[in-house]
Q: 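If you scroll down you'll find the structure; I have some questions about it.
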Amino acid sequence: MISNSVFKNTVLFLVLSILSCGNSFDAKGKREKPKAHDTANKPGQTTIAEIKTGADNYEKYLPILKDKKVGVVTNQTGILSNKTHLVDFLLEKKINLQKIYAPEHGFRGTADAGELVKDGKDTKTGIAIISLYGDNKKPKPEQLAGIDILIFDLQDVGARFYTYISSLHYVMEACAENKIPLLILDRPNPNGNTIDGPILEKENASFIGMHPIPVLHGLTIGEYGKMINGEKWLKNGVQCDLTVIPCLNYNKEMNYPLPVKPSPNLPNDQAINLYASLCFFEGTNVSLGRGTEQQFQIYGSPFLPKTNFSFTPKPNFGSKDPLHNGKVCYGEDLSKAPRVKGIELKWLLKAYATTSDKTKFFIPFFTKLAGTKKLQEQIETGMTETEIKKSWEKGLEDFRKIRKKYEIY
């Protein structure tokens, strides 16, 4: 027969074993912090070095490119983890790279928003560069002549009005029409899994918003390509021969700081986080910091009340003729503001409420950004942020159901 003391000790040991399962302790009985490899797939704890982008997942795509004439849509964001540019990497691997196709801001990412980017040659490699902006957003058949397969590698930021997903649409359409397979080298979405904002209405479609999605769509660019294909959003419902090379060690709850700024006026993670909220100011008479070193981290105008914070936009890298050039603008400095999870309308509503002449606040471009006339109307009639966001709920719920079909992570 087992004695009472032995029985009690055995039960105690089993209870402690169960309670400590999954936790490690040091010699003094204190719980040890998990090691880096233990947290690699837990939200917010994987470092940028541990995530492999599609470009770094080259074991998957190099065999596909072998003995083919290759074109690549990319810019300064198309780098591997060791900072080697994809173009240089492909040449090192003896891939027969024929042409480079550059989106808005150009191959080196130095052009202003909306600035004409001309065709030319890469000064480093001598490879021909074809601009996919201005009047040539979609590659022409003659520009794709001799290409067996096309690669798409751009760092998106997860917002509808960021034009790289529109460039993707046109590239996919051209590939479908010319029977050229497309490889998307996927990259994390720095705005993660966040879905927010009004759904774009078809009549307001433009290059800054082509599809019926919210402002923040919560997809990687590879997932987004799958959605374009699956929902048959390309002209005449054509579908592209698409392969997505996925990221590794990544989920969309992770905080992913970008190693390279994706465009001239998104200089850091704070700007990228606030971008979807502050970009609405592009459709108003309020500056969001173009012509300063704090783009998308501040806002202000000469028509807002004087405050302790002011700035004066001047021509600089990324903004040759900024709004309110040379004029003192009063507003707010958000460069140290807490990270937002979604779209914050409070700054837009505050600016409208305090502007000196409300009839001059909005410009027609606002409807293109919002994707709907309703948002301007809601602001003008005095709706609160809570009331406005409630009006988005049904559209967001419907979008989540569509999005689910195309998720990879």
Q: Do Y170 and L132 have side chains that approach each other closer than 4.5 Å (heavy atoms only, starting at C-beta)?
A: no
Q: Is any side-chain heavy atom of V73 closer than 4.5 Å to one of S167?
A: no
Q: Does a donor on one side chain sit under 3.5 Å from an acceptor on the other, for T125 and D122?
A: yes
Q: With side chains defined as the heavy atoms from C-beta onward, is the minimum distance between S263 and Y164 less than 4.5 Å?
A: yes
Q: Side-chain contact test, heavy atoms from C-beta onward, threshold under 4.5 Å: evaluate it for Y61 versus L90 and give yes or no.
A: yes
Q: Between the side chain of R339 and the main-chain N/O of N273, is any donor-acceptor distance below 3.5 Å?
A: no
Q: At what distance, to the nearest 0.5 angstrom, does CG of D153 lie from OG1 of T77?
A: 6.0 Å
Q: Examine the side chains of Q143 and Y101 and answer whether a donor and an acceptor come within less than 3.5 Å of each other.
A: no
Q: Are the side chain of Y299 and the backbone of G331 linked by a donor-acceptor contact shorter than 3.5 Å?
A: no
Q: Report yes or no: does Q376 contribute a side-chain atom to a donor-acceptor pair with the main-chain N or O of T367 at less than 3.5 Å?
A: no
Q: If you round to the nearest 0.5 Å, how far is CG of L185 from CG of D56?
A: 10.0 Å
Q: If the condition is side-chain contact (heavy atoms from CB on, under 4.5 Å), which residues does E223 pass it with, not counting sequence neighbours?
A: L219, T220, K252, E407, I408, Y409
Q: Should L242 and M172 count as side-chain neighbours, where that means a heavy-atom distance under 4.5 Å?
A: yes
Q: Among K389, K341, R400, exactly one meets salt bridge (charged side-chain N to carboxylate O under 4.0 Å, His left out) together with D196. Which residue is that?
A: K389
Q: Hey, could you give me each pair passing ring-ring contact (aromatic ring centres under 6.0 Å, His included) that has a residue in residues 184-211? Not counting sequence neighbours.
A: Y133-F207, H169-H211, H211-Y224, H211-W233
Q: State the CG-CG distance between L288 and N265, to the nearest 0.5 angstrom.
A: 8.5 Å
Q: What's the spacing between C175 SG and F152 CZ if we round to 0.5 Å?
A: 10.0 Å
Q: Can you check whether P315 reaches D321 side chain to side chain, under 4.5 Å on heavy atoms?
A: no
Q: Compute the ring centroids of H324 and F311, then answer whether they are less than 6.0 Å apart.
A: no
Q: In Å, rounded to the nearest 0.5 Å, how long is the span from CD of Q297 to OG1 of T292?
A: 7.5 Å
Q: Looking only at side-chain N and O atoms, does D186 offer a donor or acceptor that is under 3.5 Å from a partner on Y250?
A: no
Q: In Å, rounded to the nearest 0.5 Å, how long is the span from OG1 of T53 to CD1 of I51?
A: 9.5 Å
Q: What side chain to side chain donor-acceptor pair (under 3.5 Å) pairs are there with at least one residue in residues 175-184, not counting sequence neighbours?
A: K138-E177
Q: I79 and H85: side chain to side chain contact (heavy atoms under 4.5 Å, CB included), yes or no, with the steps?
A: CA-CA 4 Å; I79 60 171; H85 195 281; 4.3 Å; yes
Q: Is the cationic atom of K358 (NZ for Lys, CZ for Arg) positioned less than 6.0 Å from the six-membered ring centroid of Y352 and within 45 degrees of its normal?
A: yes
